[in-house]
Amino acid sequence: MRRFSASRKDFRLLMLKMMQDSGNKLEAKMDNLQETLTKEVQDIQLKQEEMQNTITEIKNSLEAANSRIQEAEERISEVEDRLVEIMDVEQKREKRLKTNEESLRELWDNVKRTNIRIMGVPEGEEREKGTEKIFEEIIAENFPSMGKESLTQIWEAQQVPYKINPRRNTLRHILIKLIKIKDKEKILKAVREKKQITYKGTPIRLSADFSTETLQARREWHGILNVMKGKNLQPRLLYPARLSFRFEGEIKTFTDKQKLREFSNTKPALQQILKEFL
Amino acid sequence: MRRFSASRKDFRLLMLKMMQDSGNKLEAKMDNLQETLTKEVQDIQLKQEEMQNTITEIKNSLEAANSRIQEAEERISEVEDRLVEIMDVEQKREKRLKTNEESLRELWDNVKRTNIRIMGVPEGEEREKGTEKIFEEIIAENFPSMGKESLTQIWEAQQVPYKINPRRNTLRHILIKLIKIKDKEKILKAVREKKQITYKGTPIRLSADFSTETLQARREWHGILNVMKGKNLQPRLLYPARLSFRFEGEIKTFTDKQKLREFSNTKPALQQILKEFL
Amino acid sequence: MRRFSASRKDFRLLMLKMMQDSGNKLEAKMDNLQETLTKEVQDIQLKQEEMQNTITEIKNSLEAANSRIQEAEERISEVEDRLVEIMDVEQKREKRLKTNEESLRELWDNVKRTNIRIMGVPEGEEREKGTEKIFEEIIAENFPSMGKESLTQIWEAQQVPYKINPRRNTLRHILIKLIKIKDKEKILKAVREKKQITYKGTPIRLSADFSTETLQARREWHGILNVMKGKNLQPRLLYPARLSFRFEGEIKTFTDKQKLREFSNTKPALQQILKEFL
């Protein structure tokens, strides 16, 4: 070893040192890289774990939401079913209600069947002498030949408040309830034949009495009835509110305007007559 | 330094070069690794950020969905509550409707209480002489001893369209409305005692008159009534439609077949008689 | 080259070896790091992919949930609309039902208008002689001056089961149905004037007859009517169930207690009189 000079020895040491330094530097750099990347990877993993938890929470939450939706849908279905049931029951009840209304109307018509309605007698007259007496006077004034026996068959005579249009300055009606329908029919037939009825010389009107509903339904035919009379179609109002008239040699009967409109659409002559009323 | 030969100098340079090269190569590799991994980590982070945003969006969206579900559930609850209310009101209304129907039926029975229904008079007879005259003739033909005074108490006599079964080729009914119930009862009692009533020698039927509903309810007892008559159970139809009969020494009354069925289930003898009708 | 001694050669080889070893070690470490990190990054990417899939699934699922919510909301809206319709129809039907109930009540009042209700005749009396005969005796006993003609105008006389309170040990009522309202009014006016009516010396009561509903509504005024009589307010019950009385020189009329309460709140004197009844 002696042969080695100092410079050779130094070089050898230097070389070793350089080698070590370079290795250390690289290793340090590598460690640094490892540390940095490992840190980042760990951060990512942590974050990923967090997200995974959140996703699991969301999945659970979504599952719960789906359950609630499911339940809500079932409740809606039940509600819909019940609605259908209710509509069904209601339809049946509607039918019964209509039947009842018609039955009531018929009952009222039945109750009023022997009534004669007198319109146009001045207010106050009946207070002095009573409605029954007024009726007797009307019969005596207009139908002197009519037997007294009808008059003894009065069931009830009353003055009625005129409810239909309280603003109209109209005279109150008097209702005469006879016992026998035959008497009512006899008197009303005589009224139709005589055309003008008076009470102490003043024109008054006598008519049959009906339920409010029947009266309303009959009133709706009035305009058509009048124009048909003018055209000699021999119109008549049948019970409860059917219009009957003679057209092209046949008797036609209609329960409502809609049906009459449809018929008149096929008959230009009739359509022309009724154009203002349908 | 002179002592160093060229070869020695070359070696040293070579060594240094080798050392540098090796270091550079490793460093380049490391840089490459760093770059690659850093890129990948960045990609991952970017992706992670995106996912985080998506998750946040989802969370918000889920929250909104839950709010909507909440609201929908509340609306359903309210609808359900209203349905319960409606059902409740409907139940009360159903009761009132039934009460009205019964009241109407009673009113009609009341209105028809003084009626006598005549079935079997040949069509056309009444056109010639009037329904009232036919009734008088029936009384004279079948009950010659009955006083004339009942006959003068006729309120109304009319022919009714036979609506119940329009296909049956049946004779139209005549309705006689008497003024006093007593008269009706006297005549119907005489009818029951005489059994066979005739008009001009032809058998006809006279019966009490009821509302359509009561008639229908009474008609449902007919088969049972007839078989009970045959077994001498002395059956009777009470108003409005109750079956009464004598069984095991007692008078039994039933308002509907269900009740009679339940009773007959405990009485084999009765069950045997009624087996075809319950 | 010969000049190189063995030791120098060895050193050179050693140096090369050391350099190679250090390089290899570092490279191995780097490879190891690369492998480790690459593995982790791959794991993360795999995991990320999985999560991405889950998120996509969640998004789809949430979208589906939102669609279901949307649909559910639409169904709820439709149900709500239908409910509004039903409530609307029901309100109209309720009105019609009320109208029918009032019409029925009026019809019953109308049917019962010529009735006189007799209360207090001992049970069994009517079985011996008939209700009509009892009525005749009551008239003869209490109103000897009243003409016989009213009595011949009896339409119907019947005993009614006292349904209102079956537990009360009360006598059954007798209903006399007259033909003319005038006769009923004449008799009831005589009853009011005489105050005490008897049958064979025992006090009985005669009154007008009304529908169950009207009777109930009238009965609700009874307490007030009695206390007002005591205070000389001249109270009267008008048809169907209106209370009328004289107060501060004027005739006041009330259809229900609520209205009377409101009025009495402004009149301390009246409020004092009625304090127990409103």
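These figures come from a predicted structure and were not determined experimentally. Each chain gets a letter, A, B and so on, in the order the sequences are listed, and its residues count up from 1.
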Step by step, would you call A:Gln70 with C:Arg68 a side-chain contact (heavy atoms from CB on, under 4.5 Å)? CA-CA 9 Å; A:Gln70 177 82 20; C:Arg68 285 171 76 186; 3.1 Å; yes

Does any part of the side chain of C:Glu78, heavy atoms only, come nearer than 4.5 Å to the side chain of A:Glu80, both counted from C-beta? no

Please name the pair of heavy atoms, one in C:Leu107 and one in A:Val111, separated by the smallest distance, quoted to 0.1 Å. CD2-CG2, 3.7 Å

Please walk me through it: do A:Glu73 and C:Glu71 pass side-chain contact (heavy atoms from CB on, under 4.5 Å)? CA-CA 9 Å; A:Glu73 284 170 344; C:Glu71 207 189 322; 5.7 Å; no

Side chain / backbone / both / neither for C:Leu104 at chain A, heavy atoms under 4.5 Å: both

Output the option from A:Gln48, A:Gln34, A:Gln45 having the highest count of non-hydrogen pairs under 4.5 Å with chain C. A:Gln48

Interface moiety of C:Asn100 toward chain A, non-hydrogen atoms closer than 4.5 Å: both

Contacting moiety of A:Glu94, where chain C heavy atoms sit under 4.5 Å: both

Search all heavy atoms of A:Gly23 against all heavy atoms of C:Ser22 and return the closest pair with its distance. CA-OG, 4.4 Å

Give the C-alpha distance, both sets of side-chain angles, the deciding distance and a yes or no for side-chain contact (heavy atoms from CB on, under 4.5 Å) between C:Arg96 and A:Lys98. CA-CA 9 Å; C:Arg96 285 163 66 195; A:Lys98 256 194 194 134; 3.8 Å; yes

Distance in Å, A:Leu16 CG paired with C:Met18 CE, rounded so as to fall on 0.5 Å steps: 4.5 Å

Residue pairs, two or more places apart or on separate chains, that pass salt bridge (charged side-chain N to carboxylate O under 4.0 Å, His left out) and touch residues 21-33 of chain C: A:Glu27-C:Lys29, A:Asp31-C:Lys29, B:Lys29-C:Glu27, B:Lys29-C:Asp31, C:Lys17-C:Asp21

Structural part of A:Ile69 lying under 4.5 Å from a heavy atom of chain C: both

Roughly how far apart are A:Leu62 CG and C:Ile58 CD1, rounded to 0.5 Å? 7.0 Å

I need the residue from C:Ala65, C:Ser61, C:Ser103 with the largest number of non-hydrogen atom pairs under 4.5 Å to chain A. C:Ser103

Neighbour count above 12 (heavy atom, 6.0 Å) for C:Arg236 CZ: no

Roughly how far, to the nearest 0.5 Å, is the CD atom of A:Glu101 from the OG1 atom of C:Thr99? 8.0 Å

For A:Ser77 and C:Arg75, test the side chains for any donor-to-acceptor distance below 3.5 angstrom and give the result as yes or no. yes

How many angstroms lie between CE in C:Met19 and CE in A:Met19, if you round to the nearest 0.5 Å? 7.0 Å

Just verifying a value: how many Å separate C:Leu33 CG and A:Met30 CE, rounded to the nearest 0.5 Å? 7.5 Å

Atom pair NZ/CD1 of A:Lys59 and C:Ile55 - distance to nearest 0.5 Å: 11.0 Å

Could you tell me whether A:Glu35 atom CD has more than 12 heavy atoms of other residues or ligands within 6.0 Å of it? no

Interchain contact, A:Thr38 with chain C, by part (heavy-atom threshold 4.5 Å): both

Side chain from CB out, backbone as N, CA, C, O: work out which of these in A:Val41 comes under 4.5 Å of a heavy atom of chain C, or both, or neither. both

With a 4.5 angstrom heavy-atom cut-off, is it the side chain or the backbone of C:Thr54 that approaches chain A, or both, or neither? side chain

So, are C:Lys47 and A:Glu49 salt-bridged, with charged N and O less than 4.0 Å apart? no

Residues of residues 82-91 of chain C within contact distance of chain A, non-hydrogen under 4.5 Å: C:Arg82, C:Leu83, C:Ile86, C:Glu90

Using non-hydrogen atoms and a 4.5 Å limit, figure out which bit of C:Ile44 sits close to chain A: side chain, backbone, both or neither. both

